[in-house]
Amino acid sequence: MEEEIWSKKKICIVDDDPNLREIYLMKFNQEGFEVFLATNGEEGLQVIREKKPDIILLDLQMPVKNGIEVLEELDQDAELSKIPVIVLTNIDNEEGYKEVGKFETRFYLIKSLTTPQKAVDYVKEVL
């Protein structure tokens with residue numbers, strides 16, 4: 001029954017780590033989400049513009065366009081800036097927090113401290 005609540009929800013996972021994308025894809029699919037994947041920030045922005053997800057799970061360190069650049073572009077778009085963003089990164093320092101703090105993000109999660117189930121729980125809390 002609970003799966004039905006989330007079956008209409010779309011999430012975009014933007015991360016350059018193929019293993020992480022695969023694990024999170026399986027977990028969010030299992031929970032009933034429609035999942036869109038992107039391997040870098042540029043691709044992520046294309047997917048976000050095209051699919052209009054309900055929430056974004058965003059890494060900060062990526063090739064082509066990093067997570068901060070993605071946040072800057074989302075921030076400048078009136079429609080896309082309304083989509084909640086959860087940062088999922090390995091940057092666990094003051095500089096990273098400050099950088100992200102300029103933007104409206106919901107949670108700042110450290111990959112090594114976050115299980116896929118925990119990420120799902122945070123996403124559900126935001127939605």
Side-chain angles (χ1 to χ4, degrees):
M1 180 67 174
E2 186 179 320
E3 193 176 292
E4 292 173 22
I5 299 170
W6 306 110
S7 65
K8 303 295 180 220
K9 297 293 182 186
K10 299 183 285 187
I11 183 169
C12 180
I13 301 171
V14 186
D15 198 300
D16 60 329
D17 180 335
N19 294 329
L20 185 129
R21 282 195 314 271
E22 188 60 31
I23 290 165
Y24 279 71
L25 169 67
M26 289 178 356
K27 186 61 184 166
F28 278 96
N29 274 337
Q30 198 177 37
E31 295 285 331
F33 285 82
E34 186 175 357
V35 182
F36 303 104
L37 300 175
T39 59
N40 62 59
E42 188 64 49
E43 194 180 297
L45 284 166
Q46 290 172 352
V47 171
I48 291 163
R49 287 186 179 109
E50 188 181 311
K51 303 294 185 184
K52 304 282 190 292
D54 297 295
I55 193 162
I56 301 162
L57 205 54
L58 179 67
D59 187 16
L60 295 182
Q61 294 175 301
M62 296 179 289
V64 187
K65 196 171 283 233
N66 67 39
I68 297 299
E69 293 169 315
V70 171
L71 288 169
E72 286 169 350
E73 283 201 40
L74 292 174
D75 202 42
Q76 293 169 13
D77 184 305
E79 186 182 353
L80 298 182
S81 67
K82 293 179 182 134
I83 301 171
V85 176
I86 293 178
V87 172
L88 182 64
T89 185
N90 278 322
I91 300 175
D92 186 8
N93 61 39
E94 196 65 34
E95 194 56 41
Y97 303 138
K98 281 185 189 164
E99 194 81 49
V100 170
K102 300 174 194 167
F103 304 98
E104 174 106 12
T105 59
R106 301 306 171 94
F107 288 104
Y108 189 105
L109 308 177
I110 307 302
K111 288 180 183 179
S112 61
L113 304 175
T114 306
T115 64
Q117 183 59 58
K118 246 186 178 172
V120 166
D121 294 342
Y122 281 115
V123 165
K124 288 179 177 181
E125 186 176 325
V126 171
L127 294 175

Between [X] and [Y], which heavy-atom pair has the shortest distance, and what is it?
X     : Y     : result
Gly67 : Met62 : N-CE, 3.8 Å
Asn40 : Glu42 : OD1-N, 3.0 Å
Val87 : Thr89 : CG1-CG2, 3.8 Å
Glu79 : Asp77 : N-OD1, 2.9 Å
Ala38 : Val47 : CB-CG2, 4.4 Å

Applying the 4.5 Å side-chain criterion to the ILVMFWY set and letting contacts propagate, would [X] and [Y] be lumped into a single cluster?
X      : Y      : answer
Ile110 : Leu71  : yes
Leu25  : Ile11  : yes
Ile83  : Leu74  : yes
Ile13  : Tyr122 : yes
Val35  : Ile23  : yes

> Between CG of Leu88 and NZ of Lys118, what distance do you get to the nearest 0.5 Å?
Replying inline: 11.5 Å
>> As an exercise, state the distance from NZ of Lys27 to CD of Gln30, rounded to the nearest 0.5 Å.
In response: 4.5 Å
>> Taking ring pair (Phe, Tyr, Trp, His ring centres under 6.0 Å) as the cut-off, I'd like each qualifying pair that reaches into residues 9-28, sequence neighbours left out, listed once.
In response: Phe28-Phe33
>> Gln117 and side-chain hydrogen bond (donor to acceptor under 3.5 Å, both in side chains): which single residue from Asp121, Thr114, Thr115 fits?
In response: Asp121
> Is any side-chain heavy atom of Val126 less than 4.5 Å from a side-chain heavy atom of Val123?
Replying inline: no
> Leu60 versus Val70: any side-chain heavy-atom pair under 4.5 Å?
Replying inline: no
Residues 48-58 side chain polar contacts: donor-acceptor under 3.5 Å, at least two apart:
unit_1	atom_1	unit_2	atom_2	d
Arg49	NH2	Glu73	OE1	2.9
Lys52	NZ	Arg49	O	2.5
Asp54	OD2	Lys10	N	2.6

Name all residues meeting the side chain to side chain donor-acceptor pair (under 3.5 Å) criterion together with [X]; count only those two or more places apart in sequence or in a different chain, and write none if there are none.
X      : result
Asp92  : Tyr97
Asp17  : none
Lys111 : Asp15, Asp59

>> Could you walk me through whether Glu43 and Val64 satisfy the side chain to side chain contact (heavy atoms under 4.5 Å, CB included) test, starting with their C-alpha distance in whole Å, then the side-chain angles of each, then the deciding distance to 0.1 Å, before giving a yes or no?
In response: CA-CA 9 Å; Glu43 194 180 297; Val64 187; over 6 Å; no
Residues 100-108, side-chain donor-acceptor partners within the protein, below 3.5 Å, at least two apart:
unit_1	atom_1	unit_2	atom_2	d
Lys102	NZ	Glu99	OE2	3.4
Tyr108	OH	Ile91	O	2.6

